[in-house]
Amino acid sequence: MTTEPPDTLTDPRELLLGYLDHYRAALLRKLDGMPEADLRTSRLPSGWTPLDLLKHLAFVERRWFRWGFAAERVEEIWGEYRPGSSAWHADDSDTLDGLRALFLDECARSRAIVAAADLQDTARTGGAFNPPDHHPALIWILFHVLQEYARHVGHLDIVRELSDATTGE
């Protein structure tokens, strides 16, 4: 189990990256041990499943860091959405192992992009942001992605408790 960064940490970069990795690890931990049926079952009115959430967060990494910040040309920018819909969707062919590998690969790519940049660096031209002349700083992007993880890991806490009564970190 990973713990939060220490409360003595004051460097903004280390703090943001430490918490981001904390939530990345928490996401995977919460999926560990879930039966296949529960990974593919929604327990919420919105209809997303734990596998859908994992796929969504892999694409969040891709969109914000590779496509948005680094302006890489990437395929499948919105790959977690059901075609013609705004609903997250893991295909029948998607597996926990396969989506975990996709997620870990996207996280590794994000870490490499962040390691090569300063917090004050702004998104490159040609990235995902609208209007096209909008270039948020890396520190803003990191904070945005961190809060998205915090919300979604909290959502997964509830889903896991409803699934099998598992609670906690």
Under 4.5 Å between any side-chain heavy atoms of [X] and [Y], yes or no?
{"X": "E106", "Y": "F65", "answer": "no"}
{"X": "T122", "Y": "P136", "answer": "no"}
{"X": "F59", "Y": "I77", "answer": "no"}

Testing the 3.5 Å rule here: is there a donor-acceptor pair between the side chains of [X] and [Y]?
{"X": "E61", "Y": "S110", "result": "yes"}
{"X": "D52", "Y": "T49", "result": "yes"}
{"X": "Y23", "Y": "E4", "result": "no"}
{"X": "S93", "Y": "D91", "result": "no"}

When you look at D157 and T167, which way does the side-chain contact (heavy atoms from CB on, under 4.5 Å) test go after all the steps?
-> CA-CA 7 Å; D157 280 338; T167 61; over 6 Å; no
Taking NZ, NE, NH1 and NH2 as the nitrogens, is one of them in [X] or [Y] under 4.0 Å from a carboxylate oxygen of the other?
{"X": "D38", "Y": "R43", "result": "yes"}
{"X": "D32", "Y": "R100", "result": "yes"}
{"X": "E72", "Y": "R62", "result": "no"}
{"X": "D21", "Y": "R24", "result": "yes"}

Relative to each other, are the rings of H152 and W88 parallel, tilted or perpendicular (30° and 60° limits)?
-> perpendicular
Please indicate whether F143 has more than 12 foreign heavy atoms, meaning atoms of other residues, nucleotides or ligands, lying under 6.0 Å from its CZ.
-> no
Checking D118 side chain against D121 main chain: does a donor-acceptor pair fall under 3.5 Å?
-> no
Might you work through the side-chain contact (heavy atoms from CB on, under 4.5 Å) test for E80 and L54, ending with a clear yes or no?
-> CA-CA 9 Å; E80 79 272 32; L54 177 58; over 6 Å; no
Let me see the working for V145 and L20 under side-chain contact (heavy atoms from CB on, under 4.5 Å), right down to the final yes or no.
-> CA-CA 8 Å; V145 171; L20 189 52; 3.9 Å; yes
About how many Å separate CD of E36 and CG of L51, when rounded to the nearest 0.5 Å?
-> 6.5 Å
Applying side-chain contact (heavy atoms from CB on, under 4.5 Å), run through K55 and D94 and close with a yes or a no.
-> CA-CA 9 Å; K55 190 172 185 179; D94 287 325; 2.8 Å; yes
